[in-house]
Asker: 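What follows is a single structure, and I will ask about it in a moment.
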Amino acid sequence: MLKLEALSVFYGGIHALRGIDMEVPDGKIITLIGANGAGKSTMLNSIVGLVKPASGTITWDGGDITRGDPRDIVSRGLVLIPEGRHVFPNLTVDENLTLGAYSRNDKAGIKKDRERCFELFPRLKERIHQHAGTLSGGEQQMLAVARGLMSSPKILMLDEPSLGLAPLVSKMIFDIIQEINKNGTTILLIEQNAHAALEISDYAYVLETGIITMQNTGAVLLKDDNIRKAYLGEGQ
Ligand SMILES: Nc1ncnc2c1ncn2[C@@H]1O[C@H](COP(=O)(O)OP(=O)(O)OP(=O)(O)O)[C@@H](O)[C@H]1O
Ligand SMILES: [Mg+2]
């Protein structure tokens, strides 16, 4: 279980997270929705040690990881696929995947995960020697997810994986997130596409200017009038 308690983050004078309490139980899909600038990316960056909170605690498997070293946090199985498609454009698909496994030395496990990536993303297999920078936007997002999987995550955190993707590709990414979860990986998802995200979520949190204003199961939030108006584009 990943747990955030009273987490507070400042950027200079900007109070970006104002006392966040959140739980991500093992094996679940947990979603965070919120408008631009609400603090969603700040939260994920704090979990992986890229942003240092001013106060509050982050615990993982009962151990305190607040303000930890990002490399150490990755090696404990918390993996972030950041906003935007961060692939290495001048490296091939194959080389990008190899880099995803840089912190591991279990050769057999790496080989197995590589095969699993190609099962999940046959398109990447067809393009194994292609430079990542020449892949389409959707293919680059697939590669970003696949590279995250190569580090054998216990929790996979995805910051807006469907941003800018065509509906069919976006649906495929959501299907794959569910598939990854069924294979035992916990998911913490940030999404602008609130409808698709809530549909696959066990539980979801709504973040507004640094504060959690609502939380419930995905199914309940999908039916909530305020959520429908604010995040699902209905009744406007
Ligand atoms: N490095 C930084 N320095 C100063 N302010 C920052 C920094 N990073 C984020 N902020 C500010 O903190 C607030 C939260 O930003 P954050 O990126 O976490 O929002 P977000 O919910 O991920 O938004 P989006 O949906 O647009 O990605 C914003 O007001 C942003 O301008
Ligand atoms: Mg963001």
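Start at 1 and go down the list; that is how both ligands and their atoms are numbered.
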Asker: Is the side chain of His195 donor-acceptor paired with the backbone N or O of Ala197 at a distance under 3.5 Å, no angle test?
Answerer: no
Asker: Any salt bridge between Arg76 and Asp61, counting N to O under 4.0 Å?
Answerer: no
Asker: For ligand 1, is there an atom lying under 4.0 Å from some heavy atom of Ala35?
Answerer: yes
Asker: Do Asp94 and Thr92 meet the criterion of a side-chain donor-acceptor pair at a distance under 3.5 Å?
Answerer: no
Asker: Near the Mg ion (ligand 2), which protein N/O/S atoms are found at less than 2.8 Å?
Answerer: Ser41 OG, Glu83 OE1
Asker: Examine the proximity of ligand 1 to Met43 and report which part, side chain or backbone, both or neither, has a heavy atom under 4.0 Å away.
Answerer: neither
Asker: Mark up the atoms of ligand 1 that fall under 4.0 Å of a heavy atom belonging to Gln192, in ascending order.
Answerer: 25 (O)
Asker: Please report whether atom 10 (N) of ligand 1 has a protein non-hydrogen atom at a separation of less than 4.0 Å.
Answerer: yes
Asker: At their closest point, which heavy atom of Phe88 faces which heavy atom of Asn96, and how far apart are they?
Answerer: N-OD1, 2.9 Å
Asker: Below 4.0 angstrom from a heavy atom of Glu160, which ligand 1 atoms are there? Numbered from 1 as shown, please.
Answerer: 25 (O), 27 (O)
Asker: Tell me, do Val93 and Glu139 make a side-chain contact under 4.5 Å, heavy atoms counted?
Answerer: no
Asker: Where is the nearest protein heavy atom to atom 27 (O) of ligand 1: which residue, which atom, and how far?
Answerer: Glu83 OE2, 2.8 Å
Asker: Pick one: which of Leu189, Ile190, Ile176, Ile81 meets side-chain contact (heavy atoms from CB on, under 4.5 Å) with Pro161?
Answerer: Leu189
Asker: For a quick test of reading the model, state the closest non-hydrogen atom pair linking Lys52 to Pro70 and the distance between them.
Answerer: NZ-CD, 4.4 Å
Asker: Quick one: which of Asp159, Thr42, Leu44 has a heavy atom closest to atom 16 (P) of ligand 1?
Answerer: Thr42
Asker: Where is the nearest protein heavy atom to atom 14 (C) of ligand 1: which residue, which atom, and how far?
Answerer: Gly37 O, 3.4 Å
Asker: Need the ligand 1 atom indices (1-based, order shown) with element for anything under 4.0 Å from a heavy-atom of Asn36.
Answerer: 23 (O), 24 (P), 25 (O), 26 (O)
Asker: Thr66 side chain to Ile58 main-chain N or O, any donor-acceptor pair under 3.5 Å?
Answerer: yes
Asker: If the contact criterion is a heavy-atom separation under 4.0 Å, does Gly34 count as touching ligand 1?
Answerer: no
Asker: Note the single closest protein heavy atom to atom 4 (C) of ligand 1, along with its residue, its atom name and the distance in Å.
Answerer: Tyr11 CB, 3.3 Å
Asker: Could an N or O of ligand 1 be found under 3.5 Å from any N or O of Gly39, whether backbone or side chain?
Answerer: yes
Asker: Which residue and non-hydrogen atom of the protein lie closest to atom 17 (O) of ligand 1, and at what distance in Å?
Answerer: Ser41 CB, 3.8 Å
Asker: Does the protein put a heavy atom under 4.0 Å from atom 2 (C) of ligand 1?
Answerer: yes
Asker: Does a side-chain heavy-atom distance below 4.5 Å link Thr186 with Lys154?
Answerer: no
Asker: May I ask you to decide if Leu135's main-chain N or O and Gln140's side chain share a donor-acceptor pair within less than 3.5 Å?
Answerer: yes
Asker: To the nearest 0.5 Å, what is the distance between CE (Met150) and CZ (Arg147)?
Answerer: 11.5 Å
Asker: Can you tell me which residue and heavy atom of the protein come closest to atom 25 (O) of ligand 1, and the distance to 0.1 Å?
Answerer: Lys40 NZ, 2.7 Å
Asker: I'd like to know if the side chain of Glu191 pairs up with that of Thr31 as donor and acceptor (distance under 3.5 Å, no hydrogens or angles considered).
Answerer: no
Asker: With a 3.5 Å distance limit and no angle check, can you tell me whether Lys40 reaches the backbone of Ala35 through a side-chain donor-acceptor pair?
Answerer: yes
